[in-house]
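All remarks here apply to the structure that follows.
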Amino acid sequence: MIDTLLNLINDAASGYAGPGILLPRAVVTVPPNPAQGDFTSGIAFALAPVLKQPPLEIAAAVAATLRDTAAGIVETIDVVKPGHINFLLRQSFWHDALDSVLEKGTGYGSSTAGSGRRVLLEYISANPTGPIHVGHGRGAVLGDVLARILVSQGYEVTREYYINDAGNQVLSLGYSVLNDYYRSRSIDIPLSRPGEYQGGYIRDISTALADTLPAADINEEHIRHITEFAVNHVLAGIRQVLGDFNILFDRWFSEKQLYEDGSVRRAIEGLAARGAVKQEDGATWFLSTRYGDEKDRVIQKQSGELTYFASDIAYHANKYGRGYDHLVNIWGADHHGYLPRVKAAMSALGYDPDRLAVMFVQMVRLTRGDKPVAMSKRAGEYVTLKDLVDEAGGDAVRFFFLQRSHESQLVFDIELAKKQSQENPVFYVQYAHARIASIFGFAATRGWTVDALMHRRDYVFSAQEKRLLSHCLLYPGLIGDIAARREPHRLTHYLIELVGILHKYYTDTRVVDSDAGTEQRLLLMKTVKIVLRNALDLLGITAPEKMEKLEEHPAR
RNA sequence: GCGCCCGUAGCUCAGUGGAUAGAGCGUCGGACUUCGAAUCCGCAGGUCAUGGGUUCAAAUCCCAUCGGGCGCUCCA
């Protein structure tokens, strides 16, 4: 709907700029002050450096053209101070807008901009050595919502979880369980190495083993068995927690498999074939400095053991081999230094490193009140994602995480999250949805129904109503932008803004009244409800038709 | 020391070239005999870390400095 206006602006701008001038695509926003107009365009500012002319001059010229070409939808066009072009649109435009949203319904906001391009989105990928914690949860929400948004924009998205089920970490888990198994049976047995993990889940696993181990003579086979058992146990728990949190994957990719099917060996051979490895100090090194890394990296240790980096090369090569247009990884910010070597390896293998993008999620710092929560995975002292979701609720956790840019650290006060559960912004947004549903319920008791066929184009929208509609119209462009720039957190801020306008409108205006305008206002509410519903769906948050009142807020 | 992220209201954070810099929470004061008060309105609260620079225009871009976090392993 808004595209009509954008196209007219683009045409006017390119007409003014003349042929052969590449100009930026027009964007419109809602001006800060409603008195300034329904929409505003900064196209003159974008054009100024290209044409080397003052923005005000450009704005005047573009506006002059638009007064002719856009006369069908535009009531007035104003050019203001530095170079803003402000539009006041005709009532017919708003009626078209209303129709357009109602017609698209649940599809409003989706597009085909991705045109089927294939994206592999890898996120969380927490080691299967213990329950996933809050930091993983942040990446989980980011990945899940980004996936939903990309899908809505026509991308073909594969959601993948990489399981580090090979190597020392899981072996250490195995030993931890082994130790606990014998400790719990008061059997003294000399072990070749200590376990490193603690926490209740270790006991859960050793208990689940029942009495399957001998009282003595532990051998490698037993260790392998226990490790595999423990990994499967932990992984099942992770899947369960994520599933309950409505975070699903298309594929769980096993690192171990990369060893078993020879991928890791082939990856190293591939590097060697390109002369990108060397032997030194009894180890095998990847010459990553040749590809922009700070130093060369070991892929096979003196001991003969392969490093995690070796299998990571194989894994990423595997991803490239599957023919995706974009590979997006979500990693914890502490892995930042790891990216150059991975890209280096991909370059060495002949892949385009620019197709791989990594979003680094900054840390979540937990507090209980003023007291920081000690987080030590090895000591088993940490708040799990499950704990948090159980305490604060899945909707609130999702919303909370997505109010901040993933590039900013965030402090999560668990006590506050609990205490404020009813003040949380997510309820503010959900309440708006429930409130509209409630309006429909009340309207029904007065004999009104909500049906697009009732739309009467002679209704005159008020300034507030146009304000509501204008924000609804920004929605599709916002989602497109969020997908392109991978900034899901902007969606929560949009919702808060839209809902704020709605609540104020509700306070000021009686929707269900005795006049014929009731039907039109109900349709407007329907429009807003569609946008709320669609946006909440993308966030994976429920859009309730009705909300339970809590006891602290008794009805009056 | 080097790299990345951050520094915006009392607190937690949006805003990354354009109009008087915003929200939530917290303080204080108002608004329900009528569609849900989990709401709304108002007051208070800012040298956008600091100093330079680029620009018609800088919280936003560049440089330096200060402060915080993370990383700089033949760890994962």
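Proteins get letters first, then strands, A, B, ... in listed order; numbering begins at 1 in each. All of these numbers come straight from a predicted model, not from anything done at the bench.
Across all strands shown, A/Thr40 has heavy atoms under 4.0 Å from base atoms, whether or not it also approaches the sugar-phosphate. Among the heavy atoms of the strands lying under 4.0 Å from A/Asp281 is at least one base atom, whether or not backbone atoms are also near. A/Ser408 comes within 4.0 angstrom of the backbone, heavy atoms only, and of no base.
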Which atom pairs link the protein and nucleotides 22-26 of chain B when you take only N or O atoms and keep those under 3.5 Å?
{"residue": "B/C25", "atom": "O2'", "partner": "A/Gln420", "partner atom": "NE2", "Å": "2.9"}

Protein-nucleotides 66-69 of chain B N/O pairs under 3.5 Å:
{"residue": "B/G69", "atom": "O2'", "partner": "A/Gln409", "partner atom": "NE2", "Å": "3.0"}

For nucleotides 54-56 of chain B, print each protein N/O atom paired with a nucleotide N/O atom at under 3.5 Å, atom names and distance only.
none

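Applying the 90° criterion around 0 to the glycosidic angle, B/C66 comes out anti.
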Dot-bracket for RNA chain B, 5' to 3', with Watson-Crick and G-U pairs under 3.5 Å, [ ] for crossing pairs and | for other-strand pairs: what is it?
((((((((.[[[[.)..(...]]]]..((((.......))))......[[[[[..)....]]]]])))))))....
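The stretch residues 437-451 of chain A participates, sequence neighbours left out, in no salt bridge (Lys or Arg N to Asp or Glu O under 4.0 Å) pair at all. Applying the side chain to side chain donor-acceptor pair (under 3.5 Å) test to every pair with at least one member in residues 30-56 of chain A, sequence neighbours left out, gives these pairs: A/Tyr16-A/Gln53, A/Thr40-A/Asn86.
Only A/Ile439, A/Phe442, listed by number, bring a heavy atom of residues 439-449 of chain A to less than 4.0 angstrom from any atom of RNA chain B. Residues from residues 293-309 of chain A lying near RNA chain B, meaning a heavy-atom separation below 4.0 Å, are A/Lys295, A/Val298, A/Lys301, A/Gln302, A/Tyr308 in numerical order.
Here A/Thr507 does not reach the OP1 or OP2 of B/C40: none of its side-chain N or O atoms lies under 4.0 Å away. Dashed line: the shortest gap from a side-chain N or O of A/Tyr506 to OP1 or OP2 of B/A37 is under 4.0 Å.
Under the side-chain contact (heavy atoms from CB on, under 4.5 Å) criterion, A/Gln257 pairs with A/Ser254, A/Asp261, not counting sequence neighbours. Residues that satisfy the salt bridge (charged side-chain N to carboxylate O under 4.0 Å, His left out) test with A/Lys319, not counting sequence neighbours, are A/Glu122.
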Donor-acceptor contacts under 3.5 Å from residues 283-290 of chain A side chains, at least two apart:
{"residue": "A/Thr284", "atom": "OG1", "partner": "A/Gln279", "partner atom": "OE1", "Å": "3.2"}
{"residue": "A/Thr284", "atom": "OG1", "partner": "A/Gln279", "partner atom": "NE2", "Å": "3.2"}
{"residue": "A/Trp285", "atom": "NE1", "partner": "A/Glu280", "partner atom": "O", "Å": "3.1"}
{"residue": "A/Ser288", "atom": "OG", "partner": "A/Asp293", "partner atom": "OD2", "Å": "3.0"}
{"residue": "A/Ser288", "atom": "OG", "partner": "A/Lys295", "partner atom": "O", "Å": "2.7"}
{"residue": "A/Thr289", "atom": "OG1", "partner": "A/Asp296", "partner atom": "OD1", "Å": "2.7"}
{"residue": "A/Arg290", "atom": "NH1", "partner": "A/Gly275", "partner atom": "O", "Å": "2.9"}

Do any side-chain atoms of residues 491-502 of chain A form donor-acceptor pairs under 3.5 angstrom with protein atoms, and if so which ones, sequence neighbours left out?
{"residue": "A/Thr492", "atom": "OG1", "partner": "A/Leu402", "partner atom": "O", "Å": "2.8"}
{"residue": "A/Thr492", "atom": "OG1", "partner": "A/His489", "partner atom": "O", "Å": "2.9"}
{"residue": "A/His493", "atom": "NE2", "partner": "A/Gln403", "partner atom": "O", "Å": "2.8"}
{"residue": "A/Tyr494", "atom": "OH", "partner": "A/His471", "partner atom": "O", "Å": "2.6"}
{"residue": "A/Glu497", "atom": "OE2", "partner": "A/His471", "partner atom": "NE2", "Å": "3.3"}

